[in-house]
Amino acid sequence: MVQDNGFVLERDTVIKPYTEEIADYCSPFTCDDNDLDDFFAKDALYYDSELLGRTYAWIDLAEPINIIALVTLANDSIKTKLITKSARNRLQRSISNAQRGINYPAVLIGRLGVSSKYRGKGMNIGSQILDYIKGWFRSEDNKTGCRFIVVDAYNNTKTLHFYEKNGFKLLYRSAEEALRQITPKAYDLPFSTDGRKVVKIGVNFSTKQRRITDWLSE
């Protein structure tokens with residue numbers, strides 16, 4: 001049984017790239033979300049081999065067979081022409097006119113899952129991981145140059161509230177905006193190489209009404 005004894009992510013875990021060796025050695029990972037569990041079990045290593053994203057594992061130092069959390073990161077960018085004028089103004093508010101551009105480098109948090117064995121025990125693992133990633137890409141060790149951190153978050157109230165609580169702001173506020181950024185960000189790439197028909201859908205979910213208010217497809 002896992003208990004919160006003043007859990008500190010950087011003290012009580014070790015972070016390692018998620019590899020076949022880690023997957024084979026550690027207990028099967030589950031965060032009680034079928035989509036995330038399926039991705040980490042079947043697609044994370046493929047993404048790494050194809051340079052689509054790299055997954056990192058936080059491993060419990062006290063019980064090294066336990067993966068506390070998995071996160072998939074990828075290079076990304078924010079293309080100002082794909083977002084509305086109001087969103088662009090919010091984005092560039094802290095950037096001087098001379099430094100404003102068409103694209104801004106970003107790192108994408110594509111997947112984040114916290115083990116169901118550790119979640120919900122007051123350990124704040126998800127928030128600590130986000131703080132770690134923010135520090136990682138703000139530090140002098142940042143090798144790529146990163147202006148923003150963006151998240152592919154599920155469109156549901158609980159998930160959106162979690163990221164907003166941790167300092168993230170909505171970038172795409174309409175179904176049209178969501179749909180327009182699928183191809184430039186290559187979200188459809190892993191599904192378009194095996195012959196399956198791909199339908200692109202942009203969805204807007206209202207956190208106030210707690211329902212889908214708009215959607216488009218192509």
Side-chain angles (χ1 to χ4, degrees), residues 9-61 64-79 103-119 124-154 159 162-163 166-168 171-172 181-194 198:
L9 186 76
E10 295 191 53
R11 181 194 66 199
D12 299 326
T13 70
V14 59
I15 179 175
K16 293 185 177 181
Y18 187 61
T19 61
E20 288 188 22
E21 290 76 13
I22 295 293
D24 290 340
Y25 176 81
C26 293
S27 300
F29 177 84
T30 178
C31 59
D32 288 338
D33 181 292
N34 291 335
D35 289 338
L36 286 175
D37 286 346
D38 191 61
F39 173 83
F40 290 128
K42 299 178 181 179
D43 296 326
L45 295 177
Y46 168 77
Y47 268 52
D48 188 88
S49 66
E50 295 297 315
L51 302 179
L52 296 172
R54 176 148 296 174
T55 299
Y56 293 90
W58 275 263
I59 298 171
D60 190 345
L61 286 174
I65 64 168
N66 289 337
I67 295 175
I68 290 179
L70 290 172
V71 175
T72 301
L73 302 175
N75 293 321
D76 202 350
S77 67
I78 296 176
K79 296 176 174 61
N103 300 323
Y104 294 102
V107 62
L108 169 70
I109 302 176
R111 303 289 193 286
L112 191 163
V114 176
S115 169
S116 55
K117 183 177 181 180
Y118 293 82
R119 194 178 60 248
N124 295 317
I125 294 172
S127 294
Q128 290 194 57
I129 286 176
L130 291 179
D131 286 341
Y132 183 93
I133 293 172
K134 292 174 189 177
W136 205 2
F137 286 96
R138 287 172 179 165
S139 73
E140 294 180 357
D141 292 332
N142 178 15
K143 301 295 194 300
T144 61
C146 166
R147 184 105 201 188
F148 296 100
I149 298 175
V150 295
V151 179
D152 274 347
Y154 287 149
T159 302
F162 166 73
Y163 283 109
N166 282 281
F168 289 82
L171 186 59
Y172 304 106
Q181 49 93 33
I182 291 176
T183 298
K185 291 180 177 293
Y187 292 150
D188 57 330
L189 182 61
F191 310 101
S192 61
T193 57
D194 61 3
V198 176

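Hydrogens, waters and symmetry mates are skipped; everything else that's a heavy atom, side chains included, is used. The first residue of the sequence shown is numbered 1, and numbering continues consecutively from there.
Remark: D38 pairs with K42 by the side chain to side chain donor-acceptor pair (under 3.5 Å) rule, at least two apart or across chains. Applying the side chain to side chain donor-acceptor pair (under 3.5 Å) criterion to N75, with sequence neighbours excluded, gives no partner residue. Residues that satisfy the side chain to side chain contact (heavy atoms under 4.5 Å, CB included) test with D32, not counting sequence neighbours, are T30, S116, R119. Under the side chain to side chain donor-acceptor pair (under 3.5 Å) criterion, E20 pairs with no residue, sequence neighbours left out. In terms of the side chain to side chain donor-acceptor pair (under 3.5 Å) criterion, residue partners of T159 (sequence neighbours excluded) are, by chain and number, N156.
In this structure, the separation between CG on D43 and OG1 on T55 is 9.5 Å, given to the nearest 0.5 Å. Taken to the nearest 0.5 Å, the CG atom of N166 stands 10.5 Å off from the CD1 atom of I133. Note that OG of S115 and CD1 of I59 are 12.0 Å apart. Values are rounded to the nearest 0.5 Å.
Of the possible donor and acceptor atoms, one in the side chain of D33 sits under 3.5 Å from a partner among the backbone N and O of L36.
Contact detail for F29 and G113: the closest heavy-atom pair is CZ-O, 3.4 Å. Of all the heavy atoms in A74 and G53, the pair that sits closest is CB-CA, 4.1 Å. Contact between P64 and C26 at its shortest, heavy atoms only, is O-SG, 3.7 Å. When every heavy atom of I125 is checked against every heavy atom of A69, the shortest pair comes out as CG2-CB, 4.4 Å.
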> Can you list the steps and then say if D131 with L9 is a side-chain contact (heavy atoms from CB on, under 4.5 Å)?
Replying inline: CA-CA 10 Å; D131 286 341; L9 186 76; over 6 Å; no
> Which is it for F168 and I149 under the side-chain contact (heavy atoms from CB on, under 4.5 Å) test, yes or no, and what are the steps along the way?
Replying inline: CA-CA 9 Å; F168 289 82; I149 298 175; 4.0 Å; yes
>> Please evaluate residues L70 and R111 with respect to the criterion side-chain contact (heavy atoms from CB on, under 4.5 Å), reporting the C-alpha separation (whole Å), side-chain torsions for both, the decisive distance (0.1 Å), and the verdict.
In response: CA-CA 8 Å; L70 290 172; R111 303 289 193 286; over 6 Å; no
>> Show, in sequence, the C-alpha distance, side-chain angles and deciding distance for L73 and I109, and conclude whether the side-chain contact (heavy atoms from CB on, under 4.5 Å) test is met.
In response: CA-CA 5 Å; L73 302 175; I109 302 176; 3.9 Å; yes
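For residues 45-57, the salt bridge (Lys or Arg N to Asp or Glu O under 4.0 Å) pairs, not counting sequence neighbours, are D48-R54.
By the 4.5 Å heavy-atom criterion applied to side chains, W136 and Y56 are counted as neighbours. Counting only heavy atoms from C-beta outward, the side chains of F40 and T72 approach each other to under 4.5 Å. In this structure, the side chains of V71 and Y18 stay at 4.5 Å or more apart for every pair of heavy atoms. The shortest side-chain heavy-atom distance between F148 and S77 does not fall under the 4.5 Å cut-off. Using a 4.5 Å heavy-atom threshold, the side chains of D37 and C31 count as touching. Side chains of L112 and L130 form a contact here, defined as non-hydrogen atoms less than 4.5 Å apart.
For the side chain to side chain contact (heavy atoms under 4.5 Å, CB included) criterion with D60, the lone passing option out of I65, V14, N66, T13 is N66.
Annotation: Y118 is not in aromatic contact with W58 [ring centroid separation under 6.0 Å not met].
Within 6.0 Å of the NZ atom in K134, the count of heavy atoms belonging to other residues, nucleotides or ligands exceeds 12.
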